[in-house]
Amino acid sequence: MIELDVLLKSTDVVRTVGDTGRTITGVNVDSRLVKPGDLFIAVRGTQVDGHAYIAKAVEQGAVAVVCEDCPDVPAEGVTYVQVKDSESAVGRMATVFYGDPTSKMELVGVTGTNGKTTIATLLYNMFRSFGYKCGLCSTVCNYIDGEAIATEHTTPDPITLNRLLGRMADEGCKYAFMEVSSHAVAQQRIAGLKFAGGIFTNLTRDHLDYHKTFENYRDVKKAFFDSLSKDAFAVTNADDRNGMVMVQNTQASVKTYSLRSVADFKARILEESFEGMNLDVNGREVSVPFIGRFNVSNILAVYAAAVSMGRRPEDVLVAVSALQPVNGRFETIRSREGVTAIVDYAHTPDALVNVLSTVNEILKRRGSVITVCGAGGNRDKGKRPLMAREAVKNSDRVIITSDNPRFEEPQDIINDMLAGLDSEQMRKVISIADRREAIRTACMMAQRGDVVLVAGKGHEDYQEVKGVKHHFDDHEVIREVFGI
């Protein structure tokens, strides 16, 4: 519980109607979740305007309402607070309500198109191996030390996020690692949080259905680094053409990492196979059970962040050598007949290129590459033909299938992908809308020494169709076909 007056100090108030000294027992943006004594904040979302539900929230028991436009006829006994930007107010008020959790621990944010989950999860596992209690907010799962908490979004809404961070602080977590999505920055879900550091991975086409242009997408990512304080660190990928753009206006201490150019943290591959790699990291050799140049970049980002957080380089490398790949990120499954299947979350053209390039570098034409991929429904349609082209360019055979069709027809999505291919490229391709059958077909086509890449869903154990999530796990289907 907290006094409304205290919450209002965190945001810009235009005017108030009613008693601002009353006690608030909860904060909500969803009128359906409001309980007696709560504060309801009306936010203009992309789908729904919370102002339309103010009366419902009051009916549910809200004693105060924060909004951009106050009702013409205020409800008796309810306090109304008009603000300039209720979307920004949510995060700031939630931070205060839950005791300003990021003032009690070090929060590190990871942003970029690809690699966020791997980097955040590896840092979480590494710092737990150092003996610290840690928290994790990721696409795969949220964790409070060892306790798993299911997740719906890459970065939760501000109230869920602050409640989660508050629990982490209450349970003694010293560090927390968070994936910071572009939606989270644009929708101010992280407003009010204090970050001890930020990591930039890379930037390629994604989420243009929401951001409309690549420049908007880039600038939203950059805004995260612009907001870091002078006490924070910013680790950026010098190999990405937007790496230095991200940090050009930050007050944070900037460190760079690279596989190709001069940087504070450097790495190169000494040996690689489907079992792992030997790396040279800043002049020290280390073996890791990871595969691919993109994973070298991820590991280097983890190394750079840990050192920036005050850990000794040699201790970090020992911890790196003991880390394991994240669920659904270049996971290998081998059949008794000598076929290698790889499950990966690659769902952008760039991510698909990264994974297939790695497979081809290791395979060295000693076997065929068969790729199974699709594209999500109700998302950026422009990347669909690009996904198909990259799959065909880097594979011997391609099966285009369904991913998460959501509210679209699977065959319509497949047709959008196929539209990017010419008649010659189509010779390599078949389409099978049933994902289970597509995976089964690919595995049956493969011979000893071949690689089957099943891309797009990675860790997900469901398929979303017409608003319903049906159980579906790529790993399970592959193992079933392989009989293991």
Residues D100, K104: salt bridge by 4.0 Å N-O rule: no
Look at E331 together with R479 and state whether they make a salt bridge at an N to O cut-off of under 4.0 Å. no
Just by distance, no angles: are the side chains of [X] and [Y] close enough, under 3.5 Å, to form a donor-acceptor pair?
{"X": "Q324", "Y": "N125", "result": "no"}
{"X": "S258", "Y": "D239", "result": "yes"}
{"X": "N28", "Y": "D38", "result": "yes"}
{"X": "D231", "Y": "Q251", "result": "no"}
{"X": "N298", "Y": "N295", "result": "yes"}
{"X": "E179", "Y": "T139", "result": "yes"}

Please evaluate residues D12 and V83 with respect to the criterion side-chain contact (heavy atoms from CB on, under 4.5 Å), reporting the C-alpha separation (whole Å), side-chain torsions for both, the decisive distance (0.1 Å), and the verdict. CA-CA 6 Å; D12 294 325; V83 296; over 6 Å; no
When you measure from the side chain of [X] to the backbone of [Y], do you find a donor-acceptor pair of N or O atoms at a distance under 3.5 Å?
{"X": "S31", "Y": "K56", "answer": "no"}
{"X": "N378", "Y": "R406", "answer": "no"}
{"X": "T25", "Y": "G37", "answer": "yes"}
{"X": "K116", "Y": "G112", "answer": "yes"}
{"X": "D412", "Y": "E408", "answer": "no"}
{"X": "D350", "Y": "T204", "answer": "no"}

Heavy-atom count check: over 12 atoms from other residues, nucleotides or ligands less than 6.0 Å from [X] [atom1]?
{"X": "K466", "atom1": "NZ", "answer": "yes"}
{"X": "K255", "atom1": "NZ", "answer": "no"}
{"X": "E215", "atom1": "CD", "answer": "yes"}

Close side-chain approach of [X] to [Y], heavy-atom, < 4.5 Å:
{"X": "H471", "Y": "D461", "value": "yes"}
{"X": "K266", "Y": "L259", "value": "no"}
{"X": "V296", "Y": "F290", "value": "no"}
{"X": "T111", "Y": "T201", "value": "no"}
{"X": "L193", "Y": "T95", "value": "yes"}
{"X": "V180", "Y": "K221", "value": "no"}
{"X": "V65", "Y": "V81", "value": "no"}
{"X": "F200", "Y": "D240", "value": "yes"}

Once you measure the plane-to-plane angle for F330 and F294, does it fall in the parallel (<30°), tilted (30-60°) or perpendicular (>60°) bin? tilted
Tell me if the aromatic rings of Y303 and Y257 count as close, with their centers under 6.0 Å from one another. no
Quick one: are the ring centres of Y124 and Y175 less than 6.0 Å apart? no
To the nearest 0.5 Å, what is the distance between [atom1] on [X] and [atom2] on [Y]?
{"X": "I199", "Y": "M246", "atom1": "CD1", "atom2": "CE", "answer": "14.5 Å"}
{"X": "E68", "Y": "R44", "atom1": "CD", "atom2": "CZ", "answer": "5.0 Å"}
{"X": "T117", "Y": "Y345", "atom1": "OG1", "atom2": "OH", "answer": "7.0 Å"}

Sorted by chain and number, sequence neighbours left out, salt bridge (Lys or Arg N to Asp or Glu O under 4.0 Å) with R128 holds for D145
Of all residues at least two apart in sequence or in a different chain, which pass the salt bridge (Lys or Arg N to Asp or Glu O under 4.0 Å) check with D434? none
Stepwise, does the side-chain contact (heavy atoms from CB on, under 4.5 Å) test hold for S88 with M93? CA-CA 9 Å; S88 172; M93 288 185 172; over 6 Å; no
Intermediate values then yes/no, side-chain contact (heavy atoms from CB on, under 4.5 Å), I159 and R163: CA-CA 6 Å; I159 294 169; R163 185 187 303 122; 3.5 Å; yes
Please test T358 against R293 for side-chain hydrogen bond (donor to acceptor under 3.5 Å, both in side chains), starting from the C-alpha separation and ending with a verdict. CA-CA 7 Å; T358 297; R293 189 169 296 274; over 6 Å; no
Kindly determine whether T23 and I2 satisfy side-chain contact (heavy atoms from CB on, under 4.5 Å), including the steps that lead there. CA-CA 6 Å; T23 299; I2 194 169; over 6 Å; no
Determine whether H183 and R189 satisfy the following criterion, side-chain hydrogen bond (donor to acceptor under 3.5 Å, both in side chains), listing intermediate values before the conclusion. CA-CA 8 Å; H183 290 70; R189 295 184 211 163; 5.5 Å; no
Between K457 and the options Q463, H475, H347, the side-chain contact (heavy atoms from CB on, under 4.5 Å) test singles out Q463
Show, in sequence, the C-alpha distance, side-chain angles and deciding distance for S138 and Y143, and conclude whether the side-chain hydrogen bond (donor to acceptor under 3.5 Å, both in side chains) test is met. CA-CA 9 Å; S138 87; Y143 285 92; over 6 Å; no
